[in-house]
Amino acid sequence: MTALFPLPSYAVPSKADVEAQFEKWVQSDLWPEAKAGGISEKTFQAAFSGVTLNWNLPDLAPPGFPLPKEQKQTQAEFSSPGPYFNEDRLKKLAATGRGFAAQYASTLKRIEKTYGVPGSIVLAIWGRETGFGVAKIPNSAIEVLATKAFMSTRKDMFRTELVAALHILDGGDVTPADFKGSWAGALGQPQFMPTSYLKYAVDFDGDGHRNIWTSVPDTLASIANFLVKKGWQRDRDWGFEVSIPEAVSCAQEGPDLAKPLSHWASLGIERISGKGFPSGEMKADGMMLVPAGRDGPEFIVTPNFYIIKEYNNSDLYALYIGNLADRIASNGGAFEGRWGDVGKMLRSDVAAMQKALERQGYDVGGSDGLPGYKTRRSIGQWQAKNGMKPTCFPEATMKGKLK
């Protein structure tokens, strides 16, 4: 009979042990890098005065602790888009936004002249990000960024942001006490990460400081500057909700399949509002967007739609901003197309479909279980090729056929 010896047990370090490691890391690892980058010792010491690890943040991997279990998302259902566009919330934001449009009319007019970005778009992003600045942002940005740079699952990215944050403090725009951010390290009313602040924040009220914490002109102009530096096209809309005739394939969407708006109009695609496309847009490029395939609202979007996605890389986010901006600018309402009963399939099933399509030579943009435009387009092409009516969205009935 084999004797069973107990395996040696290794003591997990205490939080105090990790805090001590953190203090050493700040002084012996981070400070030399900051100093080499031109950060003054006075700024560095002021930034870290009283800063300790924030153990309440998500995605932490403290040294010596068991590694966090990898979260497998493939079995979860991907969400239906409908609830994202909460009508009560949108109505309230739009009403507040119209009030601010009147209150800051002269500032917004100057922003539009300077940057070419409509005030309604800027207001919509401000409203979506922090409820027009009323959202509480209580966290010390240095504490959040330092915690994540020291012991998160994405240390390198947060270290870069932490060093950028030290440059902001060294520049004198804000004091450590007022340097507040979200639990993810995003700063102030526009929710810029520190690297974005350094690139895009502007002093629009002329007080000599870029202040995205308490200055509304600086906040709004910084959002506009971000968009224009990313490529915003002056005098163009973000997009239009449309009706796509049954005879027109939904498998033509994507930024890589841009066509002049006159082309889309020639196919019988019309604005759902009944208005024509603006004459100034007809020769310019537009792209089909069907975020729920044939089972949801349909759009022709402009390149500016993809610039909004630079702020948050999500079709639904950009549609939310566009819809909210339209409500603020012209008292528009909800999208007329209804979001169907989509988003109920398991991500693992969608991923299996994506892999099957890849084996057949389709470019689905990766098998992550989320149906982006390349997946939707490939499904539509596959459906048409196999004699089905293209819906351009994963359906449970396809599981047995698409292997």
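Heavy-atom basis, side chains included; hydrogens, waters and symmetry copies ignored.
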Looking only at heavy atoms, which two atoms of [X] and [Y] are closest? And how far apart?
X: Leu319; Y: Pro291; answer: CD1-CG, 3.9 Å
X: Ile137; Y: Ser182; answer: CG2-N, 3.7 Å
X: Glu19; Y: Leu53; answer: OE1-N, 3.4 Å
X: Ile308; Y: Ala318; answer: CG2-CA, 3.7 Å
X: Leu257; Y: Trp264; answer: O-CZ2, 3.7 Å
X: Ser80; Y: Val342; answer: CB-O, 3.0 Å

Side chains of [X] and [Y] only: does a donor on one sit below 3.5 Å from an acceptor on the other?
X: Asn225; Y: Ser222; value: no
X: Trp238; Y: Asp326; value: yes
X: Arg98; Y: Asn331; value: yes
X: Gln189; Y: Thr130; value: no
X: Thr147; Y: Asn54; value: no
X: Ser40; Y: Thr43; value: yes

Should the pair Arg128 and Tyr84 be classed as cation-pi, given the thresholds of under 6.0 Å to the six-membered ring centre and 45° from the axis?
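Arg128 over Tyr84 ring: yes.
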Rounded to the nearest 0.5 Å, what separates atom [atom1] in [X] from atom [atom2] in [Y]?
X: Gln383; Y: Ser378; atom1: CD; atom2: OG; value: 11.0 Å
X: Ser140; Y: Phe48; atom1: OG; atom2: CZ; value: 9.0 Å
X: Gln252; Y: Met288; atom1: CD; atom2: CE; value: 4.5 Å
X: Ile121; Y: Ile321; atom1: CD1; atom2: CD1; value: 7.5 Å

Can you list the residues that meet the salt bridge (Lys or Arg N to Asp or Glu O under 4.0 Å) rule with Glu87, with sequence neighbours excluded?
Arg327
Once salt bridge (Lys or Arg N to Asp or Glu O under 4.0 Å) is applied, do any residues pair with Arg294, and if so which ones, sequence neighbours excluded?
Glu298
Go through it in stages, so that I can follow the logic: the residues are Glu246 and Lys389, the test is salt bridge (Lys or Arg N to Asp or Glu O under 4.0 Å), and I'd like the CA-CA distance, side-chain angles, deciding distance and then a yes or no.
CA-CA 9 Å; Glu246 287 295 317; Lys389 181 180 173 185; 3.3 Å; yes
Between Asp203 and Arg210, does at least one N-O distance fall below 4.0 Å, as a salt bridge requires?
no
Check this for me: does any side-chain nitrogen of one of Lys344 and Asp349 sit under 4.0 Å from a carboxylate oxygen of the other?
no
So among Phe335, Tyr373, Phe240, which one has a ring pair (Phe, Tyr, Trp, His ring centres under 6.0 Å) with Phe299?
Phe335
Is the Phe132 ring parallel, tilted or perpendicular to the Trp126 ring (thresholds 30°, 60°)?
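Plane angle over 60°, so perpendicular.
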Parallel under 30°, tilted from 30 to 60°, perpendicular over 60°: which one fits the rings of Tyr200 and Phe226?
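Geometry flag for Phe226 against Tyr200: perpendicular rings.
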Which residue pairs pass the salt bridge (Lys or Arg N to Asp or Glu O under 4.0 Å) test when at least one of the two sits in residues 263-289, sequence neighbours left out?
Arg236-Glu281
If the condition is ring-ring contact (aromatic ring centres under 6.0 Å, His included), which residues does Tyr197 pass it with, not counting sequence neighbours?
Trp213
Can you establish whether the number of heavy atoms outside [X] located under 6.0 Å from its atom [atom1] is more than 12?
X: Asp256; atom1: CG; answer: yes
X: Arg234; atom1: CZ; answer: yes
X: Trp31; atom1: CH2; answer: yes

Donor-acceptor pairs under 3.5 Å, side chain of residues 355-362 to any protein atom, not counting sequence neighbours: which ones?
none

Could you check whether any side-chain N or O of Asp295 sits under 3.5 Å from a backbone N or O of Thr391, counting only pairs where one atom can act as donor and the other as acceptor?
no
By side chain to side chain contact (heavy atoms under 4.5 Å, CB included), Asp315 pairs with (sequence neighbours left out) Leu289, Phe305, Lys309, Arg376
Where do Lys148 and Trp183 land on the side-chain contact (heavy atoms from CB on, under 4.5 Å) test, with the steps shown first?
CA-CA 10 Å; Lys148 292 199 164 227; Trp183 60 264; 4.2 Å; yes
